[in-house]
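Excluded from the calculations below are hydrogen atoms, water molecules and symmetry mates; all remaining heavy atoms, backbone and side chain alike, are included.
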Amino acid sequence: MTDKPLANQVALVTGASRGIGAATALALGAAGAHVVITARTAAGLETVENAIFDAGGSATIAPLNLTETDSIARLGAAIGERWPALDILVLNAAMLGQLSAVPAIDPKEMAQILTLNVSAQAALIAAFDPMLRKSQRARVIGLTSSVGRKPRAYWGMYGASKAAFETLLAAYGDEMELISSVRTAIIDPGATRTAMRHKAYPGEDPKSVKDPSVVADRIVALLTEDFATGHFERVD
């Protein structure tokens, strides 16, 4: 394997201003991909972009709010005008929401969580499906959580959104398997040092869990492998 196994490939990473998204963007840039990074905060994206440039990579920032569905369509059109195909799509952006018992879930917050964690993901797939199909080796990686597969008390809202997201992405992969080169995989990052993790476990020592770069390195390694669509793994 060369030191730039993803050279000449175009990647899009959502939620890339911090945490696993930022680390994945940096790792993709180091592997030779041109990385389009998106998140709500332009300042955070600029920091990640500069880090990619400083490491010898290339990137383009695209600040946007994924809950505004029209913005996703505009992003798809803009990227489609610049590049003929999209080789890598990393669906990382998600919202945790408040941890609460199911009867105490706020319906308005539930709607927000489902909008970002499910509906926006469907919109991203729809917007970039034409570009993914034009790639000779398209790969879509979705980040999930263990509570999407094993329900846990007080995690019903977030877990339900991740279960729905997994089903959505797996169905897309199944649809694409026989008619295109698009392959999908789902990654459960496990306990990782992120802002979302700190919100869920405020008393936890951050040093007791792994750095986001560990997950990012595994994602990049997976992208160089010939995995079957529907692949799932947990990064411990």
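- Formation of a donor-acceptor pair under 3.5 Å by the Thr14 side chain with backbone atoms of Ala93 is found in this model.
- To the nearest 0.5 Å, the span separating CD1 on Ile37 from CG on Leu26 amounts to 8.0 Å.
- Annotation: side chain of Trp155 is in contact with side chain of Leu96 (closest heavy-atom distance under 4.5 Å).
- Scanning all heavy atoms of the two residues, the minimum distance from Arg193 to Val209 falls at NH2-O, 2.9 Å.
- Side-chain contact check for Leu45 versus Glu49: every heavy-atom pair is 4.5 Å or farther apart.
- Here Thr144 pairs with Glu166 under the side-chain hydrogen bond (donor to acceptor under 3.5 Å, both in side chains) rule; sequence neighbours left out.
- Using modelled atom types, no side-chain atom of Asn65 and backbone atom of Arg40 make a donor-acceptor pair closer than 3.5 Å.
- The line from CD1 of Ile72 to CG of Leu66 is 5.0 Å long, rounded to the nearest 0.5 Å.
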CA sep, side-chain torsions, deciding dist, call: Val215, Lys210, side chain to side chain contact (heavy atoms under 4.5 Å, CB included): CA-CA 8 Å; Val215 180; Lys210 63 182 174 296; 3.8 Å; yes
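- Heavy atoms from other residues, nucleotides or ligands lying under 6.0 Å from OH of Tyr154 number 12 at most.
- The salt bridge (Lys or Arg N to Asp or Glu O under 4.0 Å) check on Arg18 picks up nothing, with sequence neighbours excluded.
- Closest approach of Ser146 and Arg234 over heavy atoms only: CB-NH1, 3.8 Å.
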Side chain to side chain contact (heavy atoms under 4.5 Å, CB included) assessment of Trp83 paired with Thr60: CA-CA 12 Å; Trp83 293 282; Thr60 300; 3.9 Å; yes
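- For the pair Arg218 and Leu222, the minimum side-chain heavy-atom distance is below 4.5 Å.
- Interatomic distance, CZ of Arg183 versus OH of Tyr172, reported as 11.0 Å (0.5 Å rounding).
- What you find for Pro189 and Leu143 is that their closest heavy atoms are CD-CD1, 4.0 Å.
- Other residues, nucleotides and ligands place more than 12 heavy atoms under 6.0 Å from the CD atom of Glu225.
- Side-chain atoms of Gln121 never come within 3.5 Å of backbone atoms of Leu91 as a donor-acceptor pair (strictly under, hydrogens ignored).
- Residues Ile187 and Val235 form a side-chain contact, since some pair of their non-hydrogen atoms from C-beta on lies under 4.5 Å apart.
- For the pair Arg197 and Tyr201, the cation sits on the ring face: its NZ or CZ lies under 6.0 Å from the ring centre, inside 45° of the axis.
- Side-chain N or O atoms of Ser161 include none that pairs as donor or acceptor with a backbone N or O of Leu114 at under 3.5 Å.
- Around CG of Asp205, the count of heavy atoms belonging to other residues, nucleotides or ligands within 6.0 Å exceeds 12.
- Minimum interatomic distance between Ala31 and Val220 (heavy atoms only, all atoms of both residues): CB-CG1, 3.9 Å.
- Scanning both residues, Asn8 and Asp87, for their nearest heavy atoms gives O-OD2, 4.1 Å.
- Atom-to-atom distance recorded for Leu28:CG and His34:NE2 is 11.5 Å, nearest 0.5 angstrom.
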Criterion side chain to side chain contact (heavy atoms under 4.5 Å, CB included) on His231 and Ile186, from CA distance to verdict: CA-CA 6 Å; His231 176 82; Ile186 295 170; over 6 Å; no
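- Contact annotation: the side chain of Arg149 never approaches that of Lys162 to less than 4.5 Å [non-hydrogen atoms, C-beta and beyond].
- Asn50 places a side-chain N or O within donor-acceptor distance of the main-chain N or O of Glu46, the cut-off being under 3.5 Å.
- Using a distance-only test at 3.5 Å, with no hydrogens or angles considered, no donor-acceptor pair links the side chain of Asn92 to the main chain of Ala16.
- Hydrophobic clustering (ILVMFWY, side-chain heavy atoms < 4.5 Å, transitive): Leu178 and Val140 are in distinct clusters.
- Side-chain contact between Asp106 and Met157 is absent, with no heavy atoms from C-beta onward closer than 4.5 Å.
- Looking at Ser135, its side chain never comes within 3.5 Å of a backbone N or O of Leu132 through a donor-acceptor pair.
- Taking each heavy atom of Ala163 and Gly148 in turn, the nearest pair found is CB-O, 3.3 Å.
- Connection of Met196 to Ile20 is not established within any shared hydrophobic cluster, with ILVMFWY side chains joined at heavy-atom distances below 4.5 Å, either directly or through further cluster members.
- Separation of atoms CD1 (Ile79) and CG (Leu86) is listed at 6.5 Å; rounding is to 0.5 Å.
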Candidate pair Val35 and Thr24, rule side chain to side chain contact (heavy atoms under 4.5 Å, CB included), full reasoning: CA-CA 10 Å; Val35 193; Thr24 300; over 6 Å; no
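- Put simply, CZ on Arg152 and OG on Ser145 are 6.5 Å apart, with the number rounded to the nearest 0.5 Å.
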